[in-house]
Structure formats: C-alpha cells, structure tokens
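Proteins get letters first, then strands, A, B, ... in listed order; numbering begins at 1 in each. Values below: every heavy atom of this structure, side chains too, minus hydrogens, waters and symmetry copies. All figures in this text were calculated on a predicted structure; none of them were measured in a lab.
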Amino acid sequence: MQVKQSVNDFVIKFANVNGTGSASANGMFAKAIFRMGIPVSPRNIFPSNIQGMPTWYEVRVSEDGYLGRRGGTDIMVCVNPQSMAKDVAEVEPGGYFVYDNTKPLDLRYVRDDIHYIGIPLTEICLREYTDARQRLLFKNVIYVGALAALLNMDFAVLKDLVGDQFKGKEKLITPNIYALELGYQYASNNFECPIGIRVESGRAVAKHIKDFDNILMDGNTAAALGAVYAGATVAAWYPITPSTSVVDAFDKYCRRLRIDPGTGKKNYAIVQAEDELSAMGMVIGANWNGARAFTATSGPGISLMSEFLGLAYFAEVPSVLIDVQRAGPSTGMPTRTQQSDILSAAYASHGDTKHVLLFPATPAECFSMTLESFDLAERLQTPIIIMSDLDLGMNEWMSPPLEFDDDFRYDRGKVLSGDDLEAMTERFGRYLDVDGDGIPYRTYPGAHPEKGAYFTRGTSRDEYAAYTEDGAAYVRNMDRLLKKFETAKSLVPAPKIKQAAIETRFGAVFFGTTASPAYEAIEILEKEGIDLDTMRIRSFPFNMDVEEFLKEHDRIFVVEQNRDGQMRRLLLNETYAPAKEKLVPILEYDGLPVTARKIATMIRNYITHGNVTPINRRRRAADAEEVVA
Amino acid sequence: MQVKQSVNDFVIKFANVNGTGSASANGMFAKAIFRMGIPVSPRNIFPSNIQGMPTWYEVRVSEDGYLGRRGGTDIMVCVNPQSMAKDVAEVEPGGYFVYDNTKPLDLRYVRDDIHYIGIPLTEICLREYTDARQRLLFKNVIYVGALAALLNMDFAVLKDLVGDQFKGKEKLITPNIYALELGYQYASNNFECPIGIRVESGRAVAKHIKDFDNILMDGNTAAALGAVYAGATVAAWYPITPSTSVVDAFDKYCRRLRIDPGTGKKNYAIVQAEDELSAMGMVIGANWNGARAFTATSGPGISLMSEFLGLAYFAEVPSVLIDVQRAGPSTGMPTRTQQSDILSAAYASHGDTKHVLLFPATPAECFSMTLESFDLAERLQTPIIIMSDLDLGMNEWMSPPLEFDDDFRYDRGKVLSGDDLEAMTERFGRYLDVDGDGIPYRTYPGAHPEKGAYFTRGTSRDEYAAYTEDGAAYVRNMDRLLKKFETAKSLVPAPKIKQAAIETRFGAVFFGTTASPAYEAIEILEKEGIDLDTMRIRSFPFNMDVEEFLKEHDRIFVVEQNRDGQMRRLLLNETYAPAKEKLVPILEYDGLPVTARKIATMIRNYITHGNVTPINRRRRAADAEEVVA
Amino acid sequence: MTYVKPAFRHPEAPINDLGYTRQVYEGGLSTLCAGCGHDSVSAAIIDACFELSIEPHRVAKLSGIGCSSKTPAYFLSGSHSFNSVHGRMPSVATGANLANRDLIYIGVSGDGDTASIGLGQFAHVVRRNLNMTYMVENNGCYGLTKGQDSATMDTGSSNKKGDVNLYSPIDLARLAIEIGATFVGRSFSGDKQQLVPLIKAAISHRGFALLDVISPCVTFNNHAGSTKSYENVRNSNEAMPVDFVPMREEITATYDSGETCEVCMHDGSVVRLYKQKNDYDIEDRQSALQAIHHYQSQGKVLTGLLYIDRDSEELHDVLGTARRPLNTMTEQELCPGSKFLDSINAGLR
Amino acid sequence: MTYVKPAFRHPEAPINDLGYTRQVYEGGLSTLCAGCGHDSVSAAIIDACFELSIEPHRVAKLSGIGCSSKTPAYFLSGSHSFNSVHGRMPSVATGANLANRDLIYIGVSGDGDTASIGLGQFAHVVRRNLNMTYMVENNGCYGLTKGQDSATMDTGSSNKKGDVNLYSPIDLARLAIEIGATFVGRSFSGDKQQLVPLIKAAISHRGFALLDVISPCVTFNNHAGSTKSYENVRNSNEAMPVDFVPMREEITATYDSGETCEVCMHDGSVVRLYKQKNDYDIEDRQSALQAIHHYQSQGKVLTGLLYIDRDSEELHDVLGTARRPLNTMTEQELCPGSKFLDSINAGLR
Ligand SMILES: Cc1ncc(C[n+]2csc(CCOP(=O)(O)OP(=O)(O)O)c2C)c(N)n1
Ligand SMILES: Cc1ncc(C[n+]2csc(CCOP(=O)(O)OP(=O)(O)O)c2C)c(N)n1
Ligand code: SF4
Ligand code: SF4
Ligand SMILES: [Mg+2]
Ligand SMILES: [Mg+2]
C-alpha cells in the first residue's frame, strides 16, 4: 500500500472523550509544532456537554501557512471507542490510524488502505500508575510522547512546554515528562520513526504570514484585551457558550492590571447579570453615564437584547456588544460555529433600525476592532456589534502579534464637559445636528449645576430632548439617524481587497473566519486557471470600496457560513449597485468551520457547470498581499 | 372670499382634549353620515396619554368611496384652545373653522381666506347644565347637533344612533337628543344652513365599493372574530397599544359565545401574561398541546418575542401572532401608525430563520386572514405573523361584510391521532419528510399509550427527534425547513394585481393600509396620463405572481409607511427577479396614515424629474376591479 | 440519548398496578457527569411514577436549558417532552396546561434557569397556581456553562475559582411560599427516602407544587467551601421524614399528633410527616417561613414538605374553564357559523 | 413637558441651605390625569430633595414605562433622566451606578413595570443591594394601557370592568424583605406627612431602598370594590408616623423606647418612628414580615418604615470598586500601553 509522504503539510485529528483532560495534552502537541516554527491551526470540536461525550481536536499543519480547515484527515489518533467507526472511516487513503491496542482492534475497523499504529496506552498506564485519575490523565501525555517520535517532533520543545504549563506546580513537571518519554520510547522501539507524514523545523516559508513573528491565541482573549486597552471599566454579561471566555479573560486581565496596589480596590466592575436583557441594560446605563461598558453574548442573547438595542439606537446611547456566533436557530448547536446572526444583528429590534457591525477575521483583529469599537460607539453614539464566532473566539489561531501605538488616544466623541457648558451661550440641544454629520452632542449626568441636563427616552423627542408626537419632529430625528449612519461609513474599517494576478471578471466576497479557507480556495482555483479578485468585508455599513467591487465584477461569489446567504442579502439591501444576479451564494452551514476544499469545489462547480468561462488571462501588476491566512 | 362648494366630498376634523368624552360624540357623527349611505372614513389621532392632551378626530367623506386619507382639512371643529393655532393654520382656503365663541376669538387666529362659525358651546352648557361632568360631555353632543344643521345631515339618523348607543341606559336618550337639538337650533337660527360643504344622501356611487352593502368596523375587532371563528381556545397576551383591543374583543365575543349555558364554564382561556416573552411561550405551549392559541402585540413585543419565535420556527410549533404595528423604533410614538416591523418580523430571531407574514388591508381581511392563519400555522407547523397596524386596527373602516362559509372546515395539518399511530407499522419520525413537502407529522401529548411520544427541543435533532450534533443531520433539517418555506408559497394568499386600462411599464406595489390611499393616488395620476399597474402584496413568502410582476415592469414604486423601505428590501432579498434598480421607494413615516395626495406627488415627481416619460398610451381590456378602496 | 440501551429486562422484575416494570419509566442513557445529583433526581422521578402507577403517556415533561433541563431525556421516554428555552419553561407549561388540563405536568429546571433568567416567569407561574410539579435541581451554580455562581448560591459559599459569594441568595422555597405557592417542598438528591414520597405528593397535589431539590454538581460545585457539596449538604440537612400513602378509603381532616402529622391530599392520598422537634403548622405560610428561618439561623437546612394549602384554586378554577380539555373542543362547539356573523354585520351597519 | 411653565417666583418663597427655592426642584407640567396619585408622589419627591438641600444635578432619575414612569419629567428638571423600556429600569440604573457611584439615583416605576414584566430585574437589583431609591407608584393596575389588572392587585379587589381578581397578589415590600432588601418602606400618596420623611430616609440610606407607595389611579382603579381606591386606602391604612432628622452631631446606637424608635442612618441622620402598638424589631426581617402579616390579617395595610439594615454592603462594596467613580478614570490609569502588550505577545509564542 502506498505510504503517504508529507512534510509539514497534513491534518491530524484526536478523538477523545470530553472531561478526560485531553484538551491540555492536545494543546501542548499543537503548541510544540508552532514552537518548532511550523504554521499550525488547532481546532476543538466539542459537544454541548461536560463529561463523557465524544470530542475531537483537529490540528492542521501547513508549511504554507494556511490556517483554515483543509478538509480530510491524514492521521487519526483515536482514544475514544465510542466514535471509532466514524473516525476510522474519516482517514484519507494512505493515512495513519493511531489507536490503543491494549485490546485487539475490532476487525470491522480494519481498512486495507490505511496504516495502523497500535500503542498499548491503557496497558502502559495500568503498569505505571495506581491512581485512576492519573491513569486517565497521563494516557493523553503518553500518546503525545509517541507522536513526538512518530512525527519527528523536537522533544526538547515539548519538555519546555511542560515546564511552562506547570509553572507554579513544579512537582508535576517530572511525572509529565516521564509520561512523554514512555510514549516516545514505545514508539521508537516499536515503529520505524519518523513515519512518512512528519514535521521538520527550519524550512517554513509561510507565504501567508507576513513574517513568522506570530503568536498563537484565541479570539475571545484578544477581544477581552481590546476592551482592557480601550479603557472599558464596566462589563455586564450572562454566561453563554461560546462567548463566556471573553468576560473570563477580561476578568483575568483586570485582576492583573486594574487593581489599585495601595487600596486593593478595583478600577473596573464586572457584573454577571440575571439574563441578557439585563446585561444589555447595564451596558446602556453605564455608557449613558460616561463609562465605557460592553457585553459579550451569542445568538440567543442577541434575540433577547433586541428591545434594548432598539432603545440604544433610538436614544443614541453608545454600547459595545461582542457576538460570538454559534449555530442557530434557537439553541441550535451551542458548540458549533456559524455566521448566522448577520441579519438579526444588522436590523435588531422593531421599527426602522440599523446597527454598525464589525467582522474580525483574526485574533489581532479581535483585539484591534474591539479597541476601535469603543471609539466608534462613542463617536457615533450607537451600539457597535462585533461579529466574531466560535471558531475564531474559542480556538487558538496563529495571528500577527497584537499591536498598540502608545500615541493612540481615546476619542470619546461629542461630549460637552462642565466647562464647555459653562462657556456655552446658546441653548444646549441634545439632539441638534450642530455639525451636519447627524451626530449630536451629549452630556454626562452631573456635568454642570445648571446646564446640560436632558431627558433620555425611547419615545419620540425634539432637538431639545422634549417629548413630542409631532410628525415633522419625528421625521427630522429619524432622518438625522440615517445621516449619522452615512457618516458611519467613513469611520468603520474598510474592506480588504486583493486583485488576482490575472485580470478577471470574477470576484469573491467573504468575512471573518471564512477568510482563511477562502483565500486558500482562491489559490487552489488560481492553479486551475480560475482567477478571482477578493474582498474581505470588515464592517457594515458598506463604504464606496464595496460598491466599487460589486460594480467592477460580473460574477461575485459570496462565501459565508449560514444557510440563507445573510451577507449576500445585506449587500443587496444596503448597496446601490444592482448586483442581484451577480451575487452567487457559496454557503456552508453544518456547524464545522468551512474547508478550503469545499469552497473551491463549490466555486469550481458553479463556473464549470454554469458554463461561465474565464476570459483569456492577462497578468496584472502584483499588489500588496493581505495577511489573514 | 370664495365659498368652497362640495357635496359628499370633504375632510372634517375635530380638535378635542382627550378624556373629555369627545370620542363617542365624534363617532356618532361619522356613523350618521355612514348611515346616510355616504362613504366615510373616520380616524382617531390621539396622544399617548389618558387625559388632558390634544386629540384629533379626522373624518373623510368621499362619495367615490376613497377611504384613505386625502390630506388637508376643509372643516375644522376646534374645541381645544391648546392646539388652536395649529388647527386654524391647517384649514384649506375657503374652508370652515367651527369654534366655541363663548370667549371672543384670539385675533392671531383670524385668517381672511377661511370662514368662521362661532357657536357658544360653553355658554350654552353653563346655561343648560349644572353638573360639571355634564357640561363637559354634552358640549360634544351639542356641536354634533350644530353640524347636523350646517352639513345638512339627517337628524332622524342621529336620533336613532343615540337610541342604539344608550340601549340599556334609556334615561340618557332624551337628554342627549335634547343636546343635539340645542346645537341644531343654534346653528339653524344663526347661520344659513346648509353651508357650501355638505352631505346629501341617496346619490352615492361609491365606485370603489363593490356594492354598498358595507359595514363600519375596526380591524382589531375583526381579527378577534377571526380567532373566534378559527376555534382559537387560548389567548395569551400582554397589554400594549394599539393591539390591546384585539384581545379585549376576543374576550367580549367569547363571553357571549363560548360559555356553556349549563355549567357556566368557559370553552376558552385568556391569560394576561406577565410580559410578551411569557405570552409567546404560552401560545407555543398551547399549540404544542393541540389547542389553537394566539397572541397580539406591537413592536416592542415583537422584539421581546424574538427568542421564542426562533424556537417555534426551529422546533416547528404552530403559533399565531397578530402584530398591530405602531411607530418605532423603541417606544417610539405608541399612538401613531407605521408599517415598520416588516424586517424584524420576517427574520425574527438569531440564526437562519424566516417567518410567514400576512398583510391585511381591510377589516374583512383582518377577519379572513386571522381565520386562515390558524390553518396555515398548523399546516406549516410554524409561526404566522399577521401584520396589521394602528390605523387599520383601531380605526373604524368601511369594509365589505365579514363572510364565513358554513362548509368551511378547519385544516389542523399533519397530526397523527391515536388510531393513526395504532395503525402505523413503521417507526414514527417527528421530523421525517414523509410527503416531500418539507412538512413532517406531529402528535399531541397523550395521543397513544406506546407510540408517538417525542422530544421537542430548540437544539439540533435528527428525523426521530433525537438530539444530535451531527452536521449532516443538522443540514438535512435546515434544508427541509427551507423546503417547507417553499411549500408555504403555494398556501399563503396571492397578491391582488390590477392592470391599468392603458398598457404601461410602470408598476406600484403596496400592502395593508397603504392600499387605499395608493389606489386613489393611482387614479389621480391616471387622470394626468400616468398609468401604473398595481400589486397589493398580501403575504410573505412571495409567490410566482410577485416574481412575474417584478419582471414585467421596469419601474416599480414600492409604497410603504416606514423609513427604510422594508418591503422593498424584503422583495430584493426574497425574489429571484433582479429588480434592484427598478424598485423605487415611496416612503412616508411621520406616524400619520399616508395620504393619497402625498403618494401621487412622490410618484409624479419621480417620473417627471427622473424624466422617465410614459410611453404612448394603448387601451387594454378592462379586468376585474379589486376592492380595498 | 446517544446510545441505544440494552432492552434486556429481568424476568422477575417487580411490576406495578398497570403491569409495567420500572424499566417502562426509564429514559435514554444520561450524558451527565458521573455522580451528578441530577441523575439521582431522575431516578427518584422514575420510582415515584412507577410506584404511583402513572401511565407514561399521560405525563408531559417540560424543561428550560441547563444540565438539569436535559434530564427529561433520561426518564419517562414514553412521555412527550418539551425542552424549551432558558428560563422560560413556566410559560410553555402554562400554555400546555391550558390546552389540556388532564395531563400530568412535570417541569424540571435548574437554579440558574429558575432563579436568574427565569425568576419572573417562575414567580408568575406560582401566582397562577398552575397545576404542575415544578422541580428545581439546585446546585448553586451554572453547570452546563462550566460553573458560574447562580442566584441560589449561599452568602459565604465559594465557587471553584475560590471567589466567595457576597450577594444574598434567593431561597426559592421561601420565595414560593411568600408569593402564594400551594405546595412547597425541599429535599436532597441524595435522600431517596424523602425525595420519592415528596415527588409523589407533589404530583398528587392539585395546583402548583415546587420541589427545591439540592442536587450537587460534582464537577463545579462539590468542593470544600461550597455549601452545596454532597458533604456539606449531608451535614446541614435537617431532614423531616416523609411518607406517602396512596389512600383508598376516605380521609377528610388532617390528623396531627405532636410528632407525626398526616395531610390528606386532594385525591384522598395521604402525606405523613414525622415532624420531630419542629412543631409548626405546615398549612400556615407565616409559620412555615418561621420554621425555615429557625433552622437556617442554626446553619441547618430544613428539608421535607415545608408548606401545603390543600384546597386551593388552580388556574383552571380561577379562569373557570370547562372540565373537558380545550384541545378536545370540536369545530362545531367552537365555530359560531355564518348566522351569527350576519348578526354581527347587521350590527355594524 | 409640552407647555412652558410660568417662571414667576414668589419673592418670599422659602429657600434651603443651598439658597434654592422649592421651584428649583420642580419639573415640567404634569400631563397625568387630574387627581392622579402619582402627582402627589412627585410633589413629595420635590419636597424631600428641597428640604435635604440636594444639588439637582447630582441626581439621576430613572424609570421604566407607564404613567408612573413618566413622572421623572415632572420633578427635578435640573437632573439628567433616563426613561428606559418597560420593566427594565433596574438594569439601566445598575449600569449607571456602576459608572458613577457618587450620584444620587432615584428610580420611579409602577406596579406593572415592577411586579409583572420587571419582576426579574427588580428581584435581582434588590439582591445586588444597588445604592438607589426605588419608588413604586402602586395603583394595582396598568394606568397607561387603560386599566388592566396588575400583579399587585389584591385578591378580591375588582377592576373597572367589574371582574374580581382571584390571583394572589405580589406584595413588593414583603418580597423585597424576603429577597434581602436593606431598606423597605410602604406609604400612601395621600399621606405627605409620612411620605416625605420616608423619601428622605430612603435617599439617605446606603444601599437599595424600596418605597412601595400606594398611589391611586383615579381614572381606572378608584371605584368602590377596588382596594386601591383613595377611600379604601384611607380606611385600611395603618400608618406608622415617621420623622426624619438630618443630624449634625454623631449618633451611633439605635435608641428604642417602647413607642418611639430612632434609627441612625449611615450619614448620621436619624429616622424617628412612632411605633404605637406595633412593637416589633424593624431591623429583623422575620419580625418585619410578621408585623406586616399581623395587620394584613386584620384587613389593614401597615405603612411606614417596615425594615432596615443600616450597615449593609452595597454593590460597590461587594465588587470592591474604587472609591472614585469609574467614569472619572483616565486613559493613563486604564490603558496598559504597548510594553505590557509585548509581554502578552511574548507569552503567546
Ligand atoms: C438565553 C440563553 N442564555 C444563556 C444560555 C447558556 N446557558 C445554558 S445552561 C445555562 C445555565 C444553567 O444553569 P442551571 O439552570 O443551574 O442548570 P445546571 O446546568 O446547573 O443544572 C446557561 C446560562 C442559553 N442557553 N440561553
Ligand atoms: C415591552 C412593552 N410591553 C407593553 C407596553 C405597554 N405598556 C405601557 S405602560 C404599561 C403598564 C404600565 O403599568 P404600571 O407600570 O403600573 O404604570 P401605571 O401606568 O399604572 O402608573 C404597559 C403594559 C410597553 N410600553 N412595552
Ligand atoms: S456539570 Fe455539574 S450539573 Fe452538569 S452534569 Fe456535570 S455534575 Fe451535573
Ligand atoms: S390613568 Fe391612572 S395612573 Fe395614569 S395618569 Fe391617569 S390616574 Fe394616573
Ligand atoms: Mg444549576
Ligand atoms: Mg400601575
């Protein structure tokens, strides 16, 4: 049988039982390859359950620095009998199946086109450990050790990682390293190491990663840091997967950075609300009162917050909401990813409403966009919704390092201080469009003894915040809100546009976590002679670049991870370009991150079967590469 | 000064203080004209307040049977000093200003291009009545009496109405008739009656009303009757203007029709929930358990119900929701009308969701569509949202009589009875697409001792309702839901299409309460040589007729009462026809019902300035007239 | 739910009056953590329904979202079940009950589901005295989202992170008594002796029956420092033994000798309580609150039947709905027909 | 708010310590029904703030939706105000208070706003002991939507339609005491003598202060048969007279002679109660519940200061937030700067 040969380019998947501590061992495995300087992208595919159910950890190793899912599995490390049938079937021909051969393998799982590597994990554990818990935990460390030998990993790197991991609990270091060695020894003694599929450090080109000065981190932590750097002092939230770790991380960093050493008092407040409605209300109240406040939630929370989002839009109270999307509708698949809250977020709440959305694609953007969102919210005096997702938020991604310019200063927007009010001769009108950009001036409660007090309400009001049922006043206010939304177009992050080397009528549009696999798919297609310009949308409302892109191409594939092509709909709704027939939906929505192969296939099929033939290829002057990978 | 002459064609407006009992007197005035056989359309323009604020009652009299607002006021009856300045200004040149001249008129309110008719209402009341409350109440009756003389109304009809109104409180009849006479006498003695603007019975053509066998009723009452006729047994609601009267009416009729004479027990249950979330939950629970249940709410309720709407969509539980729209966003203008919940209703809740919407335009349709909605909900096993609005729901409209065919039988959809289950040999699968229409079979709890029990959930499940996180099963389910939505297209009410007498490239699309003024506007334009075919949308999803209409016209004016052109967006989103550039938004959203004049002007301006010239006119074979008027 | 269960049944397994074995009352295999208190509660529900000889298909199970709310999948697989949304089960249960008053409604919720996001609906379903059994599997934390504090966490109790709770807890049993609940019990997942009869009594009660069952979360809230750990609950549990006697012959009055007290339920069955030293009147709200407070002040948690109002009006009595379930009303009974509509039209001319 | 008010001020109008007249504390002209209890409550708030010499701009007014929730427009026009959405004022107030702990927060709500749609948020803001004064203008009905029953409507009370309420009412004062409120008072819009000092005490209280003020709806719930009509409240009101003494000199202990009792507030001011026959300990929850029950059972409504916990930990104490308001923290204080980010990046390699 053919032996699959591949250096620094393969997909390895671990099949475990959740709640058995496999996560940290698997994480160590991925981190080790990362430390060896080889691009890696690990993904946790876990159940909505706490203990005892099947869970998977998929690691893609890609010398080229492709970080999206590729599709297919080359090496399956199976530690969970429950899912073995499915797991065996998933291995690509020529691939490897690593399993616990303490008990002989069920013959039904024997394929003649893949390689089997048996390691008596249970047996070794029974021999080496007495304590049941230890037997469970070290099993994971042992197979990592074995993989080190099989895949030619740098054992020293693994040792260092163990050191880092158990900083503070030093006495755990030796037993863990010992367990690694048990696995390493067994593999080297019983198999010819390394196997055909393996890693080699020092040869990474990583053409997708600007330079290899990269970090490995999850998007939720990055977003939390963004909030810390933005000076957020109030976080109100209600627990929900996959957004919980945003506030957990915010809490962690605040405990480190925001506690006054002298008094031990906190320069921040985190409140676990009784539900999402309340969390959003607290965010609105705090922002109204001049603090920077945010919340993080997922789909069901968006639905529950929609009344308050309408209030914030209409009463013009800044607020920041991080939506870490999961598979809907309703409770859906809480531990699967999707990009399916686009429409509900953009138009949240009854009546004529529109909300500003940001679409981060990397942890670095989770950081920068969250940081930016507070300025945007206060400058525009409206909610800003950051549309992350489970894949980005809860998995570790290779990302450009987080950057912060110390000259950066917060823009708190149009706020009149006590002195401003004191100096003011004209009457203060909370909802007066003084500057013609649709954005009025606000004051904080308590700003001035006599001036600046106003009445905030969700009911119709005139320019001086007085209640009115006068149709003309209502319309003036609604039209100003529209104008403000126009102004927003000039403030939100512009899309990233990449032209194909070859001039083309085809375009591809995507955003968020769809970007990495999409960029890879575009390259796959390019090799086949199908060229597409690409636009990665980073915000809503859409600016002129988006309009242009739609105009300039006659077939545009909108790649997204939802059933209804929500971004495509939003583009139809909110751009001038008559692009309906042009916009081809490329959709994946099974809850797992879309793969490059899948995207390439769908676009290829459309073009070949839709017999849309690429025009003869003319080379174009290369332009700056965008880095999302 | 010119004297405005007009028989059976004018707008009269009453300016009152709310909470002073003017509503019933004004209502009597409108009803009297209606009884005289002259088409009339009264509108209450009231504040979000209980007592002491300005309130108006606008009555349009239109021999042609135009029931939408025309715009402008010919006669202003001003009983409220608060708003007098505004009210005087509103009168059209040559029109009349009727006021209380007990105190001399403020000179600032004197115009030389309108007629003033002073009636010493306060003085008469002081003379005739001792009790303060009586003085307040009868003032209203007196001016109605005066108008009877001024406008040449049939006094006998008024007397009858008083009789009807005080059935049961007979002793109130004489004093009320006396008050009418006081006004009548004063007017006849002091003015030349009738004036130029007046009514005359027996000459009504009413070309917009099939025959003149019409009724005068409000949409909310009609909807409530629809629910009664549909066999709704459970209503759960939370009070909110303008939907409250739906459940009030349902209660009223159930007390009459649904109480067992023997036991005095109720064949229905109405629960005032603690909020809208709870109301929707009750509706879902009751429908799940085999009762027909509904709720009625307005904008803020839609926002609060969105999580539950997502559950009902995904778990496939029938439910009926009547959304009596008001001016949003947020609390907005609670006593003003709008059609601005279209997008929030169509896409309510996070994740990929779509909901079936119905758009009634007359009380008759409020009845028939509500009746129909319960069949639709059960056949499609999904929420049906009836998109009414304040103008239709709370005002009295002339409408074709409510019709019910005694041969009509409820269609409870695909439900397996105990016997069905008993007879079944194959395994019951709650979410199996047995018939290929995307609609599965359900069972009611308790249906059968051994068979048919299943687990209803908002999480992903397989065809047998078992929990699953398998991507393929999830996708199968989501795709079936899409298929079901396709099936819906063949079940929901088709649009009403009217071709212009002259062949034209222009079309107009509208729905709900925009229809009446739109039809009138189309006729105004026709007289000017601008011809438009029209399509009144009655439901979402859109069927082929809608697609066709969009295809066949190259300029289509989408007339609606919201800021963002929500129906236009929905058309862009949910039809295949690439119609973007064709669809011209014609929007009015100041909270008052849009007028025929306004619509005509907006379309005219677009066509003339947008120098889109109508093609030379070719007459077409007349086709059946639609009756909404 | 994910595996198929062995359908093997032991030949001489005991059967109940319906001829069903206990197995008939079981559900899918639990996916909860080994040792989770919730599984014991499911087992108790199974025992109660088996011993009461309830027909499974006459039961409707409802829940919200959480580990606790998953459990309806693990008992009575022969009953319809509705796993709704977080904190909103009471409204769904209300609607279901309005549609068919003849089924037995068992709601399962968690402390997060009931005391936080669901508190409003909980309070109002209590007020409406909906005829149902409402079980809160109370572990003082949010299990399914990995252990955050819930609103029932006691002041001074610490979570897994080690943070000590300083908020005052919501005592669902006290709250229910205060708001007008007509049957309030508290128990411990580890005390089958007490829990099973309490569930039987709750099911037999006509009106809203709350069972606040302390049900430890072994994964996130079973450590020292947690007042809801198995160990601490065992130590602080002031358990009032309870017997349930399904009565045949008529009993009217409630018999009370100092130490045992027999409460006659609506259906003629009897709950026998061994009150030991706590001599208070369980049919008096104020006195019940007093008793709970009394033990609380001694660091004890009183479990057992805490309060009962035996002849209250349940929601259908208040609404005066027909005896026959609304979902059985026929088109003929409900639809007035064209004649009546003509009269309506006539009245509007 | 719709009219302009005559700015005329009487020359010898009395002024307070700040040199302000009472007029400074007024608001826009009320648009409520003539005789509405809510207007009297607004007047009482104006008196209290005037007499306490509070700087209007140091007050933030918050409300939900309803006639009651409109009233912040009718007092303290010099204060910022937030008229939020129905039943959700507590969360907005919580956020506002987190941002700036130095302002005085006065929330105004209705019984529908608080006891129905807002019950969950109400219970949780009580639990958090947010430092604010929360006034419920309780008329037992939904005024603004034309008189539907609310959840505080007493059993047996009838509405304007004549329907008699059979649900058990939610007593917000009892509920608050049960859930852990640290200041609970009840009063009557018609009893200025008692209401004004109570408002002063509530404002002076550090932590969550609930005032459940029975405030009749003249338009929809003032008829015979309604327990919340002016007449019935006057008859059933068991009013405990209350004095508020803004103290200068230190007082520590709480002095209690049988009939008068002096409670020393956090800021050194004193509430003096004339307890008459109701000899119970207002610093003991159980005893307070007992007392309320005692009068209730006699068809009386006990009004006055019902319960107080004088040295409780308000939310900021629980959270341990800085003394200085969070909204005054500077960029320098809050932003860690690039150096720290470098260390973060380093740690992620
Ligand atoms: C609207 C909404 N918010 C948040 C969540 C996430 N969530 C799932 S379960 C849960 C709490 C469960 O706690 P509890 O009710 O005590 O059940 P337990 O797991 O402890 O048994 C939360 C917050 C959700 N599913 N829906
Ligand atoms: C979400 C929502 N639901 C319903 C309403 C309609 N509404 C306005 S006020 C009100 C009740 C007010 O009652 P209460 O709080 O007692 O105030 P009151 O008018 O009696 O002073 C309701 C239901 C609303 N504004 N928002
Ligand atoms: S996490 Fe806690 S509550 Fe959830 S199953 Fe595990 S032990 Fe039970
Ligand atoms: S309706 Fe009732 S509550 Fe509202 S203002 Fe009038 S009297 Fe007051
Ligand atoms: Mg819990
Ligand atoms: Mg009220």
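Interface residue D:L319: backbone and side-chain heavy atoms are both found under 4.5 Å from chain A. For D:I65, no part sits under 4.5 Å from any heavy atom of chain A, backbone or side chain. The parts of A:S278 that come within reach of chain D are both its backbone and its side chain, each placing non-hydrogen atoms under 4.5 angstrom from that chain. For A:I259, no part sits under 4.5 Å from any heavy atom of chain D, backbone or side chain. A:K451 does not touch chain D: none of its heavy atoms, backbone or side chain, sits under 4.5 Å away. Of the two parts of A:F367, only the side chain, counted from C-beta on, holds a non-hydrogen atom closer than 4.5 Å to a non-hydrogen atom of chain D. With a 4.5 angstrom heavy-atom cutoff, D:P72 touches chain A via backbone and side-chain atoms both. Proximity to chain D is absent for every atom of A:R461, based on heavy atoms less than 4.5 angstrom apart. Both the backbone and the side chain of D:E331 come within contact range of chain A, judged by heavy atoms closer than 4.5 Å. In this structure, the portions of A:R409 lying under 4.5 Å from any heavy atom of chain D include both its backbone and its side chain. Heavy atoms closer than 4.5 Å to chain A are found in the backbone of D:S77, but not in its side chain. No part of D:R324 comes within reach of chain A, as not one of its non-hydrogen atoms sits under 4.5 angstrom from that chain. Using a 4.5 Å cut-off between heavy atoms, D:S79 contacts chain A through its backbone alone, with no side-chain atom that close. Residue contact with chain D, scored on non-hydrogen atoms closer than 4.5 Å, is absent for A:V283.
If you tally non-hydrogen atom pairs under 4.5 Å between each of D:G78, D:G337, D:S84 and chain A, the highest count goes to D:G337. Comparing A:N267, A:L402, A:D406 by heavy-atom pairs within less than 4.5 Å of chain D, the highest count is held by A:L402. Taking chain D as the reference chain and counting heavy-atom pairs below 4.5 Å, the highest number among A:E396, A:E450, A:H448 is found for A:H448. Of all the listed residues (A:D164, A:L257, A:N287), the one sharing the greatest number of non-hydrogen pairs under 4.5 Å with chain D is A:L257. Considering only heavy-atom pairs separated by less than 4.5 Å from chain D, the leading option among A:G285, A:A236, A:A293 is A:G285. The residue among A:C254, A:A230, A:A315, A:A273 with the most heavy atom pairs within less than 4.5 Å of chain D is A:A273. Of the listed residues (A:A269, A:G231, A:P449, A:G452), the one with the most heavy-atom contacts under 4.5 Å to chain D is A:P449.
The side-chain heavy atoms of A:N289 and D:H80, taken from C-beta on, include no pair separated by under 4.5 Å. Contact of the A:F404 side chain with the D:P336 side chain is not registered, since no non-hydrogen atoms from C-beta on lie closer than 4.5 Å. Contact check for D:Q121 versus A:E274: side-chain heavy atoms found under the 4.5 Å cut-off. Between D:F82 and A:L311, some side-chain heavy-atom pair lies under the 4.5 Å cut-off. Side chains of D:L341 and A:Y229 form a contact here, defined as non-hydrogen atoms less than 4.5 Å apart. Taking 4.5 Å as the limit, some side-chain heavy atom of D:S91 sits within range of a side-chain heavy atom of A:F308. With contacts defined as side-chain heavy-atom distances shorter than 4.5 Å, the pair D:L334/A:R292 does not qualify. For the pair A:W288 and D:V92, the minimum side-chain heavy-atom distance is 4.5 Å or more.
Shown here for D:C335 and A:Y410, the closest heavy-atom pair between the two residues is CB-OH, 3.3 Å. Residues A:R35 and D:R349 come closest through the heavy atom pair NE-O, 2.9 Å.
The line from OG1 of A:T443 to NE2 of D:H57 is 11.5 Å long, rounded to the nearest 0.5 Å. Atom CG of A:D260 is separated from atom CD of D:E333 by 9.0 Å, given to the nearest 0.5 angstrom. From A:F408, atom CZ reaches atom OG of D:S338 across 13.0 Å, with rounding to the nearest 0.5 Å. Note that the OH atom of A:Y253 and the CD1 atom of D:I344 stand 4.0 Å from one another [nearest 0.5 Å]. How far CG of D:N345 is from CG of A:N214: 10.0 Å, rounded to the nearest 0.5 Å. Rounding to the nearest 0.5 Å places CG of D:L348 at 8.0 Å from CZ of A:F34.
Judged as a side-chain contact (heavy atoms from CB on, under 4.5 Å), and not counting sequence neighbours, the contacts of A:Q272 are A:W237, A:P239, C:Y142, C:Q148.
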Check step by step if side chain to side chain contact (heavy atoms under 4.5 Å, CB included) holds for D:M329 and A:R258.
CA-CA 11 Å; D:M329 302 283 164; A:R258 292 275 190 84; over 6 Å; no

